[in-house]
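Positions are given from 1, in the same order as the sequence printed here. Each ligand, and each atom within it, is numbered from 1 in the order the structure gives. Note that this is a predicted model, so its numbers are computed, not measured.
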Amino acid sequence: MTESATTSFLAAARAAQLARLVEWLRIPSISALPAHKQDVRAAAAWLAAELTRIGLEHVEVIDSPIHPLVYADWLHAGPDRPTVLIYGHFDVQPVDPPEKWTTPPFEPTVRGDDLFARGAADDKGQTYVHVAALEALLATTGKLPVNVKFIAEGEEEFGGATINAYVPAHPDKLAADVCVISDTHMLSPTQPSILYGLRGMWSGEVTVTGAAHDLHSGSFGGAIHNANQALAELLAALHNPDGSVAVPGFYDDVRPLAAAERAALAQVPYGEAELLHESGAPAAWGEAGYTIVERIGARPTLEINGMWGGFTGEGFKTVIPGEARAKLSCRLVPDQNPARIGAAIAAYLQAIAPPTVRVALREYHSGPAFLSPIDDPAMQAAARAYARVFGAKPVFTREGGSIPVAAVIQQTLGIPIIFMGFGLGDDNLHAPNEKFHLPNFYRGIETVIAFFDELR
Ligand code: BES
Ligand code: ZN
């Protein structure tokens, strides 16, 4: 009876719940850009007010020198019921390049079945799935079937230093039986997937300095090592022709894939065709000897995220740049240690740097990979919830993205983490025209409710 009341509530509340998500998405909470610091704060305040409105308790915005956290709970389900820690993030990536957006990133727009906005899927939309589920349950039954603790951060896309320190410092406050995170995607709108692994991360920036300043390429060209060229030569030496990473020691700690796991991953219905469709690339690329799913989820990489130097404006300038830079990042797998990887990259760059330039490496954030057992009862409860709502059993797979706090929660709270993603591979995360598939939004809400039901 109450289930049908909740179902009718959700049917009637669709437009209103979407409108509230749209309101949240209008706040340009870009955590990486200092100019948007107040917007990240505004997104936190909006969430805190929303959690208060739906009936959560102990709602607080926890300030930090970087970006705030938001906490709330509802703990009246009874001591015999499990406690679920829900995690999400309300910060978003920069919008670059702005001219590639069909509609402006912070003017959320519905086209067809999709809601377009920065943060639509990553991660305000997926975080709001949980808010909407809690609202429906509290509004129609006056209670929740499980105890709930809710924590969200405004810094995930920026490394998560604040929450990575907060969780180990507040183990009692955050103590729970299971953590659920919706910040990943499923294989297709009809094929749900649950992740049991995410890659870790190391990131840094390399600066190549040649001449003390930019030079006329007629007067100095051919006699000075161009910093752009030297950088390109260094970057080209980071990979081997077979697609593997050339940095000595890079693979030393990599946990090999067991034959049984390779066999299971081979069953995941994602391959070259899906990859090319989602990416628009003309051909696949990667480490020889591994499938696409393994390359993305279970093998480490080294990427060049940006490179610049010299004159890049319109027109032409005959210049030899004195300095060139590149942003680098690695996706890491168990049991790679981010600090060791950073040191190995720094040592390799110094070893191969020619005497004609100086090379410096500064490090940004990093975090280890995440892996969890799939036979955990909570994992199986999530699988049944997906099957109930989507009509298809989820596949268990590993993904390439990183959620830095996951390993921290696993290690310091000692609880399983269930990645109940409702995004899709073509949601354009971090890219122009990010979107959230609205049928997944509504089904996601029902799946969270079914998960609570399966868990108790
Ligand atoms: N939602 C993503 C993580 C993700 C993406 C998981 C794709 C699975 C598939 C998350 O918000 C993210 O992008 N994290 C950053 C973290 C980094 C900046 C420390 C990432 O993975 O680049
Ligand atoms: Zn995210």
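A donor atom on one side chain and an acceptor atom on the other are not found under 3.5 Å apart for Y87 and E156. Counting only N and O atoms by type, the side chains of Y364 and K327 include a donor and acceptor under 3.5 Å apart. In this model, a donor atom of one side chain and an acceptor atom of the other lie less than 3.5 Å apart for D183 and H89. Residues E155 and T162 bring a donor and an acceptor atom of their side chains to less than 3.5 Å of each other.
Between W24 and F90, the two ring planes are tilted [angle within 30° to 60°].
Compare E157, H185, R398, E399 by their heavy atoms: the one nearest to atom 12 (C) of ligand 1 is in E157.
Contact annotation for Q93 and ligand 1: no heavy atom of the residue comes within less than 4.0 Å of the ligand. Only the side chain of P404 comes within contact range of ligand 1, with a heavy atom under 4.0 Å; no backbone atom does.
Here the heavy atom of the protein found nearest to atom 21 (O) of ligand 1 is R331 NH1, 2.8 Å. Closest to atom 3 (C) of ligand 1, if we only count protein heavy atoms, is S402 O, 3.6 Å. Among all protein heavy atoms, the one lying closest to atom 17 (C) of ligand 1 is M201 CE, 3.9 Å.
At under 3.5 Å, a nitrogen or oxygen of D183, whether backbone or side chain, sits near a nitrogen or oxygen of ligand 1. Below 3.5 Å of separation, one finds an N or O of H89 facing an N or O of ligand 1.
Annotation: cation-pi pair R20/Y128 absent, no NZ/CZ under 6.0 Å from the ring centroid and within 45° of its normal.
At least one heavy atom of H430 sits less than 4.0 Å from an atom of ligand 1.
Checked against the 6.0 Å centroid threshold, F422 and Y386 count as a close aromatic pair. Checked against a 6.0 Å centroid threshold, the rings of F250 and Y348 do not count as neighbours.
When each atom of ligand 1 is checked for a heavy atom of T184 under 4.0 Å away, the hits are 6 (C), 8 (C).
Sorted by chain and number, the protein atoms of type N, O or S within less than 2.8 Å of the Zn ion (ligand 2) are H89 NE2, D122 OD1, D183 OD1, D183 OD2.
K173 NZ: more than 12 foreign heavy atoms inside a 6.0 Å radius. The neighbour count for R340 CZ, taken as heavy atoms of other residues, nucleotides or ligands under 6.0 Å away, does not exceed 12.
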Given I30 and R118, is the side-chain contact (heavy atoms from CB on, under 4.5 Å) satisfied, shown in steps?
CA-CA 9 Å; I30 306 171; R118 171 58 86 228; 5.7 Å; no
